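Side-chain atoms are counted along with the backbone in the values below, which use heavy atoms only and exclude waters and symmetry mates. So that the names make sense, note that chain A is the first sequence line, chain B the second, and so on, each numbered from 1. Because the structure is a prediction, the values reported are computed rather than measured.
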There are 2 protein chains.
Amino acid sequence: MTIAAHAIKTSNDTRGDSTRTRILDSAEHLFSECGVNGVSLRTIVAHAGVNTAAVHYHFGSKYGLLEAVFARRIVPIAKERLDLLAKCHQNPSLPPLLHQIIAAFLEPGMTGRHGGATFARLRARLAADASEETRSLLVQYFDDSSGQFLKALAKALPNLPATDLYWRFHFMLGTMVYTMANPGRIQALTKNECDPSDMDASLAYLVPFLAQGFLADPIPKAPIMLKSYKNNNKPKP
Amino acid sequence: MTIAAHAIKTSNDTRGDSTRTRILDSAEHLFSECGVNGVSLRTIVAHAGVNTAAVHYHFGSKYGLLEAVFARRIVPIAKERLDLLAKCHQNPSLPPLLHQIIAAFLEPGMTGRHGGATFARLRARLAADASEETRSLLVQYFDDSSGQFLKALAKALPNLPATDLYWRFHFMLGTMVYTMANPGRIQALTKNECDPSDMDASLAYLVPFLAQGFLADPIPKAPIMLKSYKNNNKPKP
DNA sequence: AGTTTAATCAAACGACTGCTTGAGTCAACT
DNA sequence: AGTTGACTCAAGCAGTCGTTTGATTAAACT
């Protein structure tokens with residue numbers, strides 16, 4: 001399932017672009033606010049001030065519109081990620097710094113440069129959606145760069161078994177997505193001391209937390225027993 | 001917005017219970033698979049083999065059905081959480097163990113005892129949904145126990161400032177929700193070496209990771225500068 | 001000039017949405 | 001035996017959904 005021809009249009013038509021862009025902007029905003037199934041095309045076109053048929057002319061279908069909304073932001077994000085990752089390897093004699101790799105992975109998608117909190121929330125919604133269509137969207141754009149980051153992390157953590165690394169990478173995705181998705185969950189709990197919609201502050205707390213987590217001892221192999229951390233724990237080194 | 005009277009029915013009617021329960025089971029399954037807006041009542045009643053009107057008779061509305069689905073699982077989960085937390089304090093002379101507290105928070109919702117992966121996925125979907133109705137559902141059932149866990153964590157980490165603790169608690173929620181939501185995202189990436197739908201394995205890797213993250217040094221106060229982990233990046237526009 | 005082509009419009013299509021109605025069923029009461 | 005009240009049913013309500021149509025516009029090309 002590839003991106004439809006509608007979605008990769010790049011011409012500079014004098015009329016079409018403003019309509020196209022306004023649809024994309026409205027859709028991005030409303031999709032992220034209400035979910036793809038939670039908002040109708042009629043609501044989107046009303047918000048954008050365009051005709052209903054324009055959506056199908058430019059994007060083919062509602063799902064084609066979603067693809068286009070997604071592709072517009074995700075391509076620059078993926079590129080910036082890899083650029084930042086390259087900078088982590090500037091000094092080839094030293095292993096890349098864990099903090100730097102993590103920040104390179106998280107920053108492009110979380111700061112305001114590529115759609116900001118709005119697009120971040122949409123990504124979080126899609127991440128929670130297990131449908132085949134949605135999943136292919138995410139995999140298509142992210143799996144390539146994810147592989148490169150896994151390699152860099154493996155180099156920075158040479159003593160960590162691959163399995164542990166994969167799990168921790170998965171957990172990192174979780175903290176990222178959840179932070180992007182939640183514009184207010186902890187706030188109520190903490191008298192506004194934490195503001196997860198402040199992505200810069202989120203990153204400042206998130207990166208050291210994750211780096212420390214990556215540095216944990218690997219799980220002892222052999223049958224995985226929950227008891228290893230239940231009941232009588234040994235103190236950590 | 002409180003749980004509707006429809007949702008707290010507890011009688012043992014000879015006829016009604018099977019219909020009620022079958023609707024709840026089908027709704028739980030389909031909500032978690034397709035999202036609340038992604039599935040129609042007609043699909044639910046067809047799957048349950050009951051009449052459309054039965055949903056409105058028993059639950060009042062589609063949202064009432066969602067509330068009932070949610071309440072049925074979440075009440076036992078919250079109770080088991082607090083029970084496990086109490087066990088962490090059995091020896092009052094020692095501070096509670098970090099691993100134990102984290103496990104007490106995560107286990108009840110992730111293992112198979114309360115709806116298993118199906119209900120977990122639904123929770124993850126709701127967590128990504130920023131709508132007012134959904135948010136109140138989560139807050140209503142979780143904020144109380146969350147407060148108690150924050151207290152326990154603060155006792156186990158006496159040197160960690162409250163703000164850092166809140167953020168890390170937030171990150172813990174993220175890893176939990178994302179792991180519950182994703183029945184296959186890393187699998188493709190790692191040749192099936194990690195299986196996030198295996199909640200026991202997830203927990204075995206997740207708890208030590210989080211515990212180590214909680215043990216990270218606090219963020220230095222004063223103006224939060226991203227530069228603290230960004231080596232020599234040019235200033236961003 | 002006339003022709004072509006991309007873009008926008010109002011109007012409508014059938015299918016589907018959550019929800020209601022009123023008649024009917026069956027067990028438990030007086 | 002007869003009434004009550006909880007429950008289930010087929011049928012249908014008004015409204016919304018994504019999508020399509022055919023006419024209309026206006027800029028670009030010959």
Side-chain angles (χ1 to χ4, degrees), chain A residues 1 4-28 30-31 33-70 129 131 133-134, chain B residues 1 4-28 30-31 33-70 129 131 133-134:
Chain A
M1 197 167 300
H6 290 281
I8 47 177
K9 182 147 188 304
T10 52
S11 67
N12 290 343
D13 314 290
T14 48
R15 288 198 298 168
D17 254 12
S18 85
T19 298
R20 231 185 100 90
T21 308
R22 281 164 61 183
I23 294 175
L24 284 175
D25 289 342
S26 295
E28 179 176 83
L30 291 166
F31 281 161
E33 210 73 16
C34 316
V36 177
N37 284 325
V39 69
S40 69
L41 286 180
R42 281 173 172 80
T43 306
I44 293 172
V45 297
H47 184 276
V50 302
N51 189 272
T52 312
V55 171
H56 295 93
Y57 176 79
H58 285 287
F59 306 103
S61 69
K62 190 182 186 183
Y63 179 69
L65 173 58
L66 173 63
E67 281 189 335
V69 166
F70 195 72
D129 189 348
S131 81
E133 294 171 335
T134 300
Chain B
M1 196 168 300
H6 289 280
I8 47 177
K9 181 148 189 304
T10 54
S11 67
N12 291 343
D13 315 289
T14 48
R15 287 198 298 167
D17 253 12
S18 85
T19 298
R20 231 186 100 92
T21 308
R22 282 163 60 183
I23 294 174
L24 284 175
D25 290 341
S26 295
E28 179 177 80
L30 291 166
F31 281 162
E33 210 73 18
C34 317
V36 178
N37 285 324
V39 69
S40 69
L41 286 180
R42 280 174 171 80
T43 306
I44 294 172
V45 297
H47 185 275
V50 303
N51 190 273
T52 312
V55 171
H56 294 95
Y57 176 80
H58 286 286
F59 306 103
S61 69
K62 189 181 185 182
Y63 179 70
L65 173 58
L66 172 64
E67 282 188 333
V69 167
F70 195 73
D129 190 347
S131 81
E133 293 171 336
T134 301

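- For the pair A:Val45 and A:Thr52, the tightest heavy-atom approach, listed with the atom from each and the gap, is CG1-CA, 3.8 Å.
- Counting to the nearest Å, the C1' atom of C:dT21 and the OH atom of B:Tyr57 are 15 Å from each other.
- When side chains are defined from C-beta on, B:Leu24 does not count as touching B:His58, because their heavy atoms never get closer than 4.5 Å.
- Contact between the side-chain N/O atoms of A:Thr52 and the OP1/OP2 oxygens of D:dG18 is not found at any separation under 4.0 Å.
- One can place NZ of B:Lys62 at 20 Å from P of D:dG15, the figure rounded to the nearest angstrom.
- Residues B:Phe31 and B:Ile44 have side chains in contact (heavy-atom distance under 4.5 Å, counting atoms from C-beta outward).
- Looking at heavy-atom distances under 4.0 Å, B:Ala54 makes no contact with the nucleic acid at all.
- Of all heavy-atom pairs between B:Cys34 and A:Asn37, the closest is O-ND2, 4.4 Å.
- Listed candidates were C:dT8, D:dC9, D:dT8. Nearest to the side chain of B:Ala53 is D:dC9.
- Atom CG of A:Leu65 is separated from atom P of D:dC17 by 15 Å (rounded to the nearest Å).
- In the set C:dA7, C:dG18, D:dT8, the nucleotide with an atom closest to the side chain of B:Leu41 is C:dG18.
- Within 4.0 Å (heavy atoms only), A:Val39 reaches sugar-phosphate atoms of the nucleic acid but no base atom.
- Of the candidates D:dT8, C:dC9, C:dG18, C:dC9 carries the atom nearest the A:Asn51 side chain, counting heavy atoms from C-beta on.
- Contact annotation: the side chain of B:Glu33 never approaches that of B:Val39 to less than 4.5 Å [non-hydrogen atoms, C-beta and beyond].
- Counting to the nearest Å, the P atom of C:dT17 and the CD1 atom of B:Ile44 are 10 Å from each other.
- Counting to the nearest Å, the C1' atom of D:dT20 and the CZ atom of A:Phe59 are 18 Å from each other.
- Atom OH of A:Tyr63 is separated from atom P of D:dT19 by 13 Å (rounded to the nearest Å).
- Within the 4.0 Å cut-off from OP1 or OP2 of D:dT21, not a single side-chain nitrogen or oxygen of A:His56 is found.
- Atom CG of B:Asp25 sits about 6.5 Å away from atom CD of B:Glu28, to the nearest 0.5 Å.
- Under 4.0 angstrom from either OP1 or OP2 of C:dT17 there lies at least one side-chain N or O belonging to B:Ser40.
- As a whole-Å value, the separation of A:His58 NE2 from C:dT5 P is 18 Å.
- Stretches of at least 3 consecutive Watson-Crick or G-U wobble pairs, with each checked distance under 3.5 Å, appear in DNA chain D as C:2-28 with D:3-29.
- In this structure, the nucleotide among D:dG12, D:dT20, D:dT8 sitting nearest to the side chain of B:Arg42 is D:dG12.
- Looking only at side-chain heavy atoms (C-beta outward), B:Lys62 and B:Val36 come within less than 4.5 Å of each other.
- For A:Leu66 and D:dT19, the CG to C1' distance is 17 Å, given to the nearest whole Å.
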